[in-house]
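So the structure is just underneath, and the comments pick up after that.
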Amino acid sequence: MWKDYSVNYLKKNKSTAISIIVAVLIASMFISLLCTLFYNMWVDNVDRIKADEGDWQAKITAVLSDDEIKTISNFANVDKVIVSDANTVDIYFTKPSDIYEDMPLIAEKLNIADEHIEYHSSLLQKQFIYSKENGEKPMPIELLYGAIVLIMCVSLIMIIKNAFGFSMNTRIRQLGILQSVGATPKQLRAVMIQEALVLSVPSVVVGIAAGVGFVALFIKYANFLTSQIGLQGMKLHYHILMFIVTFVATMLTVLISIYLPARKLSKSESIELVKGQAVKKVKRIRKYKLFLKLFGVEGELARKSIYIRRKEFRTASICLMLSFFVLSIFLNFMTISEISTNNSYWKRYENAWDIMVEIKGESPDDEILDRIRATENISSALLYKTLDSQTLLTEDDFSDELLEKGGYKGINKNSKQNDNDEYVVNAPVLVLDDESFDEYCIENNIVNYKNNYPNSVVINKIGGVLYYDSDDNGSIPFIKSADDFSLNLLFQSDSEKVNVIGYSQNVPRVRKDFDKYSLLQVMSESSYDALINIQPADTSNININTYSYGNLAETENKVKQILGDKFNYTVENRIDAYNTNIQMYDGYKNIITIICAILACIGISNVFANTLGYMQQRKREFAEYQSIGVTPKSIAKILSIEALVIGVRPILWSIPFNILFILLTTSDKGITLSEFLSNAPILPTILFAIIMLSAIALSYFISGKKILNSNIADALKDDTIK
């Protein structure tokens, strides 16, 4: 039967076979592309965490004996134990998913307190291992990725199903005739499954390979973008399991797509198949008065045609709407983010720095700072460190202006009080090198700044974010400016009493801001050294300002030469950092645009599959129209309106969500609507919409041309076996 019927059918109906091959090829390619792309993103994320933070899974910070280390090694699930230094032991597990059950047992066995145990949560969470005790769960972005992949895979499955559905519907009468002459339902199902396998297996293999190839090109392009801004690129990762999963998933889709309709048709009576009554007819179609008024009778016919075939176009509708929605939302988000970053960072610190040096570990001494200050084109160089601390304040400490506004609790709704009704206030410490601190005190008329260590100057204002050259409008004094006043600063390990030697409204010239509810302390390096109960800061910065922006790169190189190889540091200048920021935003936009274009291609391929795949049925449909007097011009109008509805509908659905998103986000970021509109991504959004509409129009143009060139008499003939 296979030889006499199927082979002959495929030879004489090449367009049907090609449509199935193309559908399976496209679906398998995109499934492979999506799975490989997200797999590579996941692997790259894990690799970056391992490179930055280490690949350890759990850590014990305590001095352990050799016997205790041996005890840990002997645990069944422990793979290896590495002593990274005298006080730290890194533990690796054979089965990391059991880490949150096994580590407490190890701690109990060795009598180790919980504060000495650290889990590598960032790495474990990327490996989908979460602590139930700490309430950890998948991040929303991870759920979003999973939802996108799932929706797109389901959409691709629908493409395959539609392709086979078209093949089945065009052969209903043929199958009925075969059944009437003795073919059993089992034989019919076997024939159709054999056809599906012959057409699908090569297509799936080629599609999977093509998907991997596109990911390789995508990674190459992404690496080109990241290389422009000095970031490390990605590598292509692929696992045999990816191929197996993609192949099995696609083939299962193929088999289900052919088996379900084949089973349904094989159970139908022969007479029903021959008469074409096995296909369910639409009993009731709603009226589309709006389309009738706008486009005439052709408009209503076009809208009813889409309604009848709404299931076939469901994949296209979902994919096109998602692609345009995701792209437009993302472009709007990036625009708002750029405006916000420009306002809160680039404009805010425009006069605060030109070159920034970040140093890990040992910081430069005064001699090196003097050499930097003496360098040509450098107007000032300030070394600073920051420390986190808190202090306790009572109502009596607050200024009269603050009390009039309801006190600290009246301004900060999230303020906390201890059992003694004292407010716990963040009091960060900004440490300046001695020379810079002296200059700061002189500029702010503060005397006796070299006495009574440890001491500090209080930035005495509340009501706005604290940063250099910040606008004092809306700010009021935080505490009373008492001459003899001290603060008890609470650090992580202990507390320190600090004498307040003065008050100021001016934040030193550094590239950093502080919370608007905090009581910022400015301190000299000498005062900082007098703090005996705190852990030294492991990071320091040198904030450099220049006379001219034209040769920042040359000045930056001179600073690097002075620092030499003695320090662990990174250097950036403001102009290069700004350009890098723009390139990063452009890179993000390009990558998301590519992903959205892939999503749109899935929807467009579904449109092509429907317009070209159901060609024979549409020929008969329009032949019937022509037989009652409908002109070719009206048929072209019907097809044009169909293309317009399919293309414009996802755009219209996205508009209200975008408007709501823009209004909420701009309001939250403090951006005016006019400011957003002047930077709105109108051109790329319109360009994407035009390309999407053009592709849909092309599919209908090809279909319409073939329909109008067909012979009416031939189109009205019944399907028969040739």
Side-chain angles (χ1 to χ4, degrees), residues 349-387 428-444 446-451 453-457 459 467-469 498 501-502 504 506-514 520-531 534-577:
Y349 299 116
E350 185 176 6
N351 300 319
W353 73 291
D354 294 323
I355 297 173
M356 179 63 66
V357 183
E358 184 178 286
I359 305 168
K360 299 286 186 181
E362 181 185 358
S363 59
D365 55 23
D366 292 339
E367 180 184 352
I368 291 178
L369 281 176
D370 290 339
R371 289 176 60 192
I372 292 174
R373 291 182 179 118
T375 301
E376 183 182 0
N377 194 39
I378 291 180
S379 59
S380 66
L382 179 153
L383 185 144
Y384 70 92
K385 306 170 184 176
T386 56
L387 303 170
V429 178
L430 176 62
V431 181
L432 309 181
D433 66 89
D434 285 348
E435 182 175 328
S436 299
F437 182 76
D438 293 350
E439 292 177 358
Y440 174 76
C441 289
I442 292 171
E443 290 173 0
N444 289 275
I446 297 170
V447 297
N448 300 322
Y449 48 83
K450 292 188 177 181
N451 299 328
Y453 291 147
N455 59 37
S456 71
V457 176
I459 305 300
Y467 58 91
Y468 172 73
D469 208 19
V498 175
I501 58 171
S504 175
N506 303 317
V507 179
R509 194 169 186 166
V510 297
R511 191 194 68 182
K512 187 174 179 63
D513 56 29
F514 300 90
L520 177 61
Q521 315 291 304
V522 183
M523 185 180 292
S524 68
E525 186 83 24
S526 297
S527 282
Y528 169 71
D529 292 337
L531 300 173
I534 66 167
Q535 187 174 355
D538 60 355
T539 302
S540 56
N541 298 81
I542 303 177
N543 195 103
I544 299 172
N545 289 274
T546 63
Y547 293 109
S548 172
Y549 305 148
N551 53 355
L552 283 183
E554 182 182 344
T555 306
E556 180 183 332
N557 289 330
K558 291 179 180 179
V559 172
K560 290 179 180 178
Q561 291 175 3
I562 295 173
L563 293 172
D565 299 329
K566 182 179 179 181
F567 304 98
N568 178 19
Y569 66 91
T570 57
V571 184
E572 63 175 334
N573 70 67
R574 183 163 55 85
I575 303 301
D576 287 349

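Since the structure is predicted, the reported quantities are computational estimates derived from the model, not experimental observations.
Take Asp366 and apply the salt bridge (Lys or Arg N to Asp or Glu O under 4.0 Å) test, not counting sequence neighbours, and it matches no residue. Not a single side chain to side chain donor-acceptor pair (under 3.5 Å) links Asn541 to another residue, sequence neighbours left out. When the salt bridge (Lys or Arg N to Asp or Glu O under 4.0 Å) test is applied to Asp370, the partners found at least two apart in sequence or on another chain are Arg373. Qualifying side chain to side chain contact (heavy atoms under 4.5 Å, CB included) partners for Tyr547, counting only residues two or more places apart in sequence or in other chains: Asn377, Ser379. For Asp513, the salt bridge (Lys or Arg N to Asp or Glu O under 4.0 Å) test picks out Arg348, with sequence neighbours left out. With sequence neighbours left out, the side chain to side chain donor-acceptor pair (under 3.5 Å) criterion links Tyr468 to no other residue. Partners of Lys360 under the side chain to side chain contact (heavy atoms under 4.5 Å, CB included) rule, at least two apart in sequence or in another chain, are Glu358, Thr539, Asn568. Arg574 meets the salt bridge (Lys or Arg N to Asp or Glu O under 4.0 Å) test with Asp354; sequence neighbours excluded. Among residues two or more places apart in sequence or in another chain, the side chain to side chain contact (heavy atoms under 4.5 Å, CB included) test is passed with Asp565 by none. Not counting sequence neighbours, the partners of Ser456 by the side chain to side chain donor-acceptor pair (under 3.5 Å) test are Gln521. Lys558 pairs by the side chain to side chain contact (heavy atoms under 4.5 Å, CB included) definition with Thr375, Glu376, Glu554, not counting sequence neighbours.
A salt bridge (Lys or Arg N to Asp or Glu O under 4.0 Å) check over residues 541-553, counting only residues at least two apart or in different chains, returns nothing.
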Item checked: side-chain contact (heavy atoms from CB on, under 4.5 Å) assessment of Val357 paired with Ile544 -> CA-CA 8 Å; Val357 183; Ile544 299 172; 4.3 Å; yes
Next item on the list: Given salt bridge (charged side-chain N to carboxylate O under 4.0 Å, His left out), test Glu572 with Arg511 step by step and report yes or no.
Entry: CA-CA 12 Å; Glu572 63 175 334; Arg511 191 194 68 182; 2.8 Å; yes
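A salt bridge between Lys560 and Glu556 is present, with a side-chain N of the basic residue lying under 4.0 Å from a carboxylate O of the acidic one.
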